[in-house]
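Please read the structure below before turning to the comments.
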There are 2 protein chains.
Amino acid sequence: MSPRGTSPTIVDVAREAGVSIKTVSRVLNHEPGVHETTRDQVLKVVEALRYRPKQSARSLAGGRSFLIGLLYYDPSANFVGSVQQGATLRCRELGYHLVVESLHNDAPDLRQQIDRMVMALRPDGMILTPPLCDNPEVLAALRDSGTPCVLMSPERDIRSVPSVRMDDVHAAEEITNLLLSLGHRHIAFIKGPPDQSASAARYQGFVNALQAHDLQPDPELVQPGNFTFASGRDAAHKLLSGRQRPTAVFASNDDMALGVLAAAHRLGLNVPNELSVAGFDDSPTAALVWPPLTTVRQPVVEMARMAVEMLVTGPRNAVSAPVDETDLHRVLPHELVVRDSTRAR
Amino acid sequence: MSPRGTSPTIVDVAREAGVSIKTVSRVLNHEPGVHETTRDQVLKVVEALRYRPKQSARSLAGGRSFLIGLLYYDPSANFVGSVQQGATLRCRELGYHLVVESLHNDAPDLRQQIDRMVMALRPDGMILTPPLCDNPEVLAALRDSGTPCVLMSPERDIRSVPSVRMDDVHAAEEITNLLLSLGHRHIAFIKGPPDQSASAARYQGFVNALQAHDLQPDPELVQPGNFTFASGRDAAHKLLSGRQRPTAVFASNDDMALGVLAAAHRLGLNVPNELSVAGFDDSPTAALVWPPLTTVRQPVVEMARMAVEMLVTGPRNAVSAPVDETDLHRVLPHELVVRDSTRAR
DNA sequence: CTGAAAGCGCTTACAG
DNA sequence: CTGAAAGCGCTTACAG
């Protein structure tokens, strides 16, 4: 049973079970057309010998590696952590394994790095996270290699390339509705960087919710930001020392919301009594600050599970009916996380 | 060049270069004893055909998978993110790939999960992070399978099992020395959970530094904690409302230090003017709070690089001299990160 | 429902 | 310095 000693092979199982290796293979791969008695017998021997087929042999002979690749850029992002969590779990259930590669989005030899991985490992599918899933070079390399991909939260969907995402617009609407329902009417909004589609989507949700209440965003209460702590803090300083102070701030991500919290503390403003603050992302820090942040949790773990599933049970197993575009682009439900940083005014 | 079409094989390269596949193999594996002219010719063809050996074939024939496994438990830990960062980079340099598996430390089928991975993939080595690297069941499974391991920051070193760590004692001494040099004499300490060796080590460093200044820890200023935000906040409440308030608090990890910050804010205590606070770990949040936290950065990325290296250039390539125990247990230098939460009293 | 043969693409001894 | 042969442990057609 030691892989470095003499672990059993399919031949051992076949001999012990009194069948051919082909039959053992059939049982192991859940192929139909094996007599139940035979199947049971084989499974018993497999169990007794603690036999596990060797991935390299399966891969070489069958052309499937049982490997899913995960390409990511920012190692510190908790997003990636959750992706892996969901992906490795689903992989395990499906008999696959996850190979990860940390790439620089602007590395000069990006293409070569990807080619090397694809050629060596032949992963059966690849999961791409932002910003790599929006990098044309990455997409091209993978397309040329014929590796199936799923994009996680890409900037925009690509025809015929599967993707998984959440609904930023609706989530931002919900946060805004929460603040409105708490009685807030002067709600500030801190935007994300203009080159990220999530920024526009979240702002759109904010506007939608206001308009549904016959309100318009106050231009003075809408500040630019770039998803960093510092940009949130600076925007908050402007907002909170302006002539008409908002009673609530919706920062379109958590890092900026933390900046708002810091600015409020410095200005001696009590959150949530004098100012409500909401974020977006449910970063690990969001629950650790004072007061804990009201925010939106992306269903990242579920998205990753879904991505693996689309890859594994994808083109190969699907009936070859014309693929439905809506099936290709999945939207998973998010979750509003109401904590102590928001309060009725 | 498309792996799903007809990618070149070693036979193609051999034919094109006018040599045997054995010679191609020699060149690819940097084996000695190939004429320089032959080598150049082969490499030229390899380049032209964009040939990459297929891992599954190499693995099946050669008994090496070129895969390093990473087993981890807590997906949210930024520790794991840094480990992967370092590990994938070093793997790439060495022609290896990293397979990750998220495991529950107390899963009933833990052994089975590990066996499955080891038997299927036959990784050439495995990196274990806390708390898995201290789990006897995990260690036993890997030992039985003959898979070489490196433990990252294990509770305690195991004879003949390689490990990589930092020096908690020294790091804690340095933080304490910093506070002492800022003029603090009433320094509180918040401990970690007693069942983690890092807790004891950090406290030891704290005591060492005090004693080197002819000081003794004040029992009233030493509080228990368990490395959580809440425990740090509670400990701080006690410390800061006691009859003799410390001028500085050394929380033995960042999460607890954040708790101290929160408690100070609530009590209206200005950090760092009225209270200095130091943490340990340099978590991502440490730089994002107000004021930014003075702390210690573990050399996690470097530790992971080292772990991969020990695995790859380990037993196989090492001269078979008796293994030096000190070579087996590496200690990498940490870094003091002085930010704004500490100030001269 | 079951099996014998061929082959996936490399590396390992073994020769020369 | 170079090569012909065997074999790693499976799966894929193809038969029966």
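Sequence lines set the chain letters: A, B, ... in the order given, protein chains first and strands last, and positions in each chain run from 1. Fair warning: this is a prediction, and the values are worked out from it, not measured in the lab.
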Any salt bridge linking R165(A) with D157(A)? Criterion: basic side-chain nitrogen under 4.0 Å from a carboxylate oxygen. yes

Looking at R90(A) and E93(A), is there a salt bridge between them, counting it only when a charged N and a carboxylate O are closer than 4.0 Å? yes

Once you apply the 3.5 Å cut-off to both distances, tell me the Watson-Crick or G-U wobble partner of dG3(C), or none. dC14(D)

Atom CD1 of I10(A) and atom P of dT12(D): how far apart are they, to the nearest Å? 11 Å

Just how far, in rounded Å, is C1' of dT2(D) from CD of Q41(B)? 15 Å

Pick base, sugar-phosphate or nothing for V19(A), based on heavy-atom distances below 4.0 Å to the nucleic acid. sugar-phosphate

Smallest separation among heavy atoms of Q85(A) and S102(B), with atom names: OE1-OG, 2.9 Å

Quick note, E31(B) side chain, CB onward, closest among dT12(C), dT2(C), dG3(D) is dT12(C)

Spacing between E36(B) atom CD and dC1(D) atom P, to the nearest angstrom: 10 Å

Options dT2(D), dC10(C), dG9(D), nucleotide nearest the side-chain atoms of V34(B): dT2(D)

Nearest-0.5 Å distance, CG of residue L142(A) to CZ of residue R111(A): 9.0 Å

Residue H35(A), side-chain atoms from C-beta onward, closest of dC10(D), dC1(C), dG3(C): dC1(C)

What is the distance from NZ of K22(B) to P of dA13(C), rounded to the nearest Å? 10 Å

Answer with base, sugar-phosphate or nothing: what part of the nucleic acid does S59(B) contact at a heavy-atom distance below 4.0 Å? nothing

Any side-chain N or O of T23(B) less than 4.0 Å from the OP1 or OP2 oxygen of dT2(D)? no

What's the closest nucleotide to the S25(A) side chain, out of dA4(D), dT2(C), dT11(D)? dT11(D)

Between L60(B) and R26(B), whichever has its closest DNA chain C nucleotide further toward 5' is L60(B)

Separation of R64(A) atom CZ from dG9(C) atom C1', in whole Å? 19 Å

Measure CG/N29(A) against P/dT12(D) and give the value in whole Å, please. 7 Å

Picking from dG9(C), dT2(D), dT11(D), the nucleotide nearest the side-chain atoms of T9(B) would be dG9(C)

Specify the closest pair of heavy atoms between M310(B) and L328(B), including all atoms of both residues, with the distance to one decimal. CE-O, 3.4 Å

Euclidean distance, atom CG of residue D12(B) to atom C1' of dG9(C) [Å, nearest integer]: 11 Å

Earlier contact from the 5' end, DNA chain D, for A61(B) and S20(B): S20(B)

Among dA13(C), dC10(D), dT2(D), which nucleotide has an atom closest to any side-chain atom of Y51(A)? dC10(D)

Rounded to whole Å, CZ of R15(B) lies from P of dC10(C) at a distance of 13 Å

